[in-house]
Structure formats: structure tokens, C-alpha cells
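Each remark here refers to the structure printed beneath this line.
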Amino acid sequence: MARPGEEQILQALKAVKDPDSGKDIVEAGMISGLIVKDGNVGFAIEVDPKRGPQLEPLRKEAEKAAEQVEGVLSVTAVLTAHSEAPAGGAAPKQQSAAPKPGPAQQQAQGAGAARAMVPGVRSIIAVASGKGGVGKSTTATNLALALKAKGLSVGVLDADIYGPSQPRMLGISGRPNSPDGKVLTPLENYGVKCMSMGFLVAEDTPMIWRGPMVQSALQQMLRDVEWGELDVLVVDMPPGTGDAQLTMAQQVPLTGAVIVSTPQDIALIDAKKGLNMFRKVDVPVLGIIENMSVFVCPNCGHESHIFSHGGAKKEAERLGMEFLGEMPLDIAIRETSDGGKPITVSDPESPQAKAYSAIANRVWEKAAALIEAGGARQAPKIVMQ
Ligand code: ADP
């Protein structure tokens, strides 16, 4: 069957009228970020944040219109506020173009000072890295599962919207339901709740995100999801330390952050940027984890230090950050996490799982102390140094 292109989708969307201006939503310039790939369609409808809550019917109508096009398999439309992304120096206004604010969002907004808290969620821990491919997602998944194994109630928010890997690593597929049409029920495996853009778009769909879209997607995944009571929500951050990451670090009321780094010096420079980013937004860095530290030959057990070993530990000490531990470059870690059965649950007695568990214990010890000391954190303001 012939697959539709952008033109056909735009043509179909012209049938949808903006109730306020009477113009069609294409002519009114409201469609952005249109992606059409293998019959999967995604786009954003840019609206004034104030109108967001009333425009859920428009969003649905637009999805229906695109679904009518022959060859379309799935359509995901999101409402997004069309104000500019905040420049550094000021805290961003709460974007609320979410499809009908869910109860969590209403509560969060209504409480004034507590606007950025997520009710029911005791602590939020970001897992970040200065660059991609260092094993940030693998570490986030295994830490979340190790925290769960300690008896805590745990959720995972996959904020790596450019390359969501949590669905694959946690072995979850499908789409989240929304029984009331307002809040999404997170999907769950191994007793851990998870929300990810990966549930809403096909894994191989390249996503083009603009500042405001990033913010509203994150806010929706954080606030319009029925997380329930959680001791800890682990956030798998997008790799890097650019504007998108800074905005996220600023928008989510983080208890603390964990930085994952490989031992190469260059990655350490990136890790340093990560540390500075969190310091800028006043988020405590709980420590650094050195990943892919040593290679243990699966045949003979010989240890090779492929990258210079111990660099992260030294650097952490120099920067005044705690060194939380190191994970070996290990084929079992790769196979189990890429196969949706992370080693922490598939082989909990293995040395690798025990190492994750020791790191998780320390992370929780520090997070619990922060919760105790300061109560829940508010959204930090950016302080430029
Ligand atoms: P990131 O989130 O930093 O981009 P991922 O967690 O997706 O990185 O990891 C990249 C790849 O490296 C994945 O295939 C993952 O399974 C593998 N990997 C991560 N950590 C390890 C490790 N300690 N040993 C072996 N493979 C690993």
C-alpha cells in the first residue's frame, strides 16, 4: 500500500477549523513538527497556552482527520504552547497547553509555591550524562530496579525524548490508557511504573523537537500521568548539557542528580559540564558513576582497562563529588538490558546486580537525607555564574 506523505496529511488537516479564528489549522500556521514515516504520523498543534485546556476536542479532531488518510497507521498529535523557549536567566512560566490539565496538574498549579511538585511523588532523581552512549539509560533502568528491590515504590520517567530506550530496557510495549481522558495510566513491568515518549511514537521515528514542545511533552509526562504514591521517580535525562537538558533540570523538582560517565578523559570533561549544569539550577549532584570501567573477558576472566581506569574517581574527588561506584563493561549487562530483562531482575545474585544494588543503596541514603532535611524541593531558578 502506498504510504502517505506530508502533503496528504496537511491536506486532510485543512478540514479542521480553529474555533476561535474560524481559519483552518494549517492556514492559521498552527501545525508544526509534522513527521510522516511508514504510515506513522506525528505533529504538534501550537496554541496559546491560555487556550490549551479548551482545545482538546480540536486535537482529537485533528488526529481523526489525519487517521482518515489512506495508509496512515497511527497518529499522535500534541498541543503545544507557542511561546518561546525561555532564555537562560529566568525561570520559565509554567506551560499548560496540556490536553486538559489532569488532577495532578491542577493541584500542582493551584498550590502557588508548590506549583512544581508532583503530588504523591516523594523524590525525583535524574540520571544524566554529558554525552550519549555512555550507558545512562542502562544505569537508570538498573538503578530503578535495584531501588524497587529494596522495597521502595518506583517509577521511571523516560525524558530522553530524542531516543527513548526505557520501553525496550524495561521490556514494555503498548500504549498507555487514559480511562478519564485526562491523565494517562503509566505502563508497568517488574513492579516499576514507566512513562516514555517511546510508548507514543514508533522507536525508529525521528522526532524533531522545538523548545516549547520539549517543555510541554515533559510536563505532560510528569504531571498528567497517574503515578500514584511513589518513593522515587527516576528520570532518564536526554544526554548532554544543552538548553533542552537545562530546561528539564530546571522544570522538574529534582531531589538530586546522578551523573554517568565512562572513564575516558573526554567523557569526564562532559561529566564536568553535567555537574555545572545541575549546580546552575541548584540541584544537588548525588555523585558520579563510572560505567564501562573495566572489561572482564567472558572466557578467561582477564581484566583489561580499555579506557584509562580510575579517572572518574579521581576527577570526582577533585570536583568534590561523591564517587558512587563503577560498573564493568560487561556483555551480560548489555544483553540483558537491551533484551528487556535487566540484570538486576534477571540475575539478582550476580556481581553486576549487587554492584547496582550497592550504588542504589547509597543514592537512596543521600536522597532520603535530602528529603528529610529540606522537605520536597521547589522548582529551582537558574542562577547564572
Ligand atoms: P545512553 O543512555 O548513555 O545513550 P545506553 O544505556 O543506551 O546509553 O547504552 C548504550 C549501549 O551500551 C547499550 O547497548 C547498552 O546495553 C550498552 N551498555 C551500557 N552500559 C554497559 C555496560 N556496563 N556494559 C556493557 N554494555 C553496556
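All ligand and atom numbering here is 1-based and tracks the order in the structure.
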Problem set entry | N or O contact, Ser165 vs ligand 1, cut-off under 3.5 Å | no

Problem set entry | Polar atom proximity, Lys131 to ligand 1 (N or O, under 3.5 Å) | no

Problem set entry | Side chain Asn177, main chain Pro179, donor-acceptor under 3.5 Å | no

Exercise. With no hydrogens and no angle check, is any side-chain donor or acceptor of Ser153 less than 3.5 Å from a backbone partner on Asp231?
Worked result: yes

Exercise. Considering only heavy atoms from C-beta outward, does the side chain of Asn189 approach that of Cys194 to under 4.5 Å?
Worked result: no

Exercise. Do any N or O atoms from the side chain of Ser178 and from the backbone of Val183 form a donor-acceptor pair under 3.5 angstrom?
Worked result: yes

Problem set entry | Side-chain donor/acceptor of Asn142 to backbone N/O of Thr344, under 3.5 Å | yes

Problem set entry | Pair Leu286-Phe278, side-chain contact (heavy atoms from CB on, under 4.5 Å): steps then yes or no | CA-CA 11 Å; Leu286 305 178; Phe278 286 113; over 6 Å; no

Problem set entry | Donor-acceptor contact below 3.5 Å, side chain Lys148 vs main chain Val154 | no

Exercise. So is Pro328 close enough to ligand 1, meaning a heavy atom under 4.0 angstrom away?
Worked result: yes

For this session: Write out the residue and atom name of the closest protein heavy atom to atom 25 (C) of ligand 1, then the distance separating them to 0.1 Å.
Result: Asp330 O, 3.1 Å

Exercise. Is it the side chain, the backbone, both or neither of Asn291 that has a heavy atom closer than 4.0 Å to ligand 1?
Worked result: side chain

For this session: Any atoms of ligand 1 less than 4.0 Å from a non-hydrogen atom of Asp338? List them with their elements.
Result: 13 (C), 14 (O), 15 (C), 16 (O)

Seminar exercise, completed: Counting from 1 in the order shown, the ligand 1 atoms closer than 4.0 Å to a non-hydrogen atom of Leu329 are 24 (N), 25 (C)

Problem set entry | Polar contact flag for Tyr356 and ligand 1 (N/O pairs, less than 3.5 Å) | no

Exercise. Does any N or O atom in Asp160 lie less than 3.5 angstrom from one in ligand 1, N or O only?
Worked result: no

Exercise. Can you find a protein heavy atom under 4.0 Å from atom 15 (C) of ligand 1?
Worked result: yes

Seminar exercise, completed: Closest to atom 26 (N) of ligand 1 among protein heavy atoms sits Arg334 CB, 3.3 Å

For this session: Decide yes or no on side-chain contact (heavy atoms from CB on, under 4.5 Å) for Arg223 and Val118, but give the supporting numbers first.
Result: CA-CA 6 Å; Arg223 300 185 188 285; Val118 184; 3.8 Å; yes

For this session: Measure the shortest side-chain to side-chain distance between Thr141 and Ser337 over non-hydrogen atoms and say whether it is less than 4.5 angstrom.
Result: no

For this session: Compute the minimum heavy-atom distance from Met169 to ligand 1 and say whether it is under 4.0 Å.
Result: yes

Exercise. If you measure every N/O of Met327 against every N/O of ligand 1, is any gap under 3.5 Å?
Worked result: no

For this session: Please indicate whether Lys17 has more than 12 foreign heavy atoms, meaning atoms of other residues, nucleotides or ligands, lying under 6.0 Å from its NZ.
Result: yes

For this session: Identify, by atom number and element, the atoms of ligand 1 in contact range of Lys136, meaning under 4.0 Å from any of its heavy atoms.
Result: 1 (P), 2 (O), 3 (O), 6 (O), 8 (O)

Exercise. For ligand 1, does Ser337 get within less than 4.0 Å through its side chain, its backbone, both, or neither, judged by non-hydrogen atoms?
Worked result: side chain

Seminar exercise, completed: For atom 19 (C) of ligand 1, the closest protein heavy atom turns out to be Thr138 OG1, 3.3 Å

Exercise. So, Glu335 side chain and Ala332 main chain: donor-acceptor pair closer than 3.5 Å or not?
Worked result: no

For this session: Can you sort out which atoms of ligand 1 are near Gly133, meaning under 4.0 Å from one of its heavy atoms?
Result: 1 (P), 3 (O), 4 (O), 8 (O)

Exercise. Could you give the distance from CG (Leu143) to CG (Asn361), rounded to the nearest 0.5 Å?
Worked result: 10.5 Å

Exercise. Considering Gly135, Ala332, Ala128, which one's heavy-atom position lies nearest to atom 8 (O) of ligand 1?
Worked result: Gly135

Exercise. Considering only heavy atoms of Met292, which atoms of ligand 1 have at least one such atom less than 4.0 Å away?
Worked result: 12 (O), 18 (N), 19 (C), 20 (N), 21 (C), 27 (C)

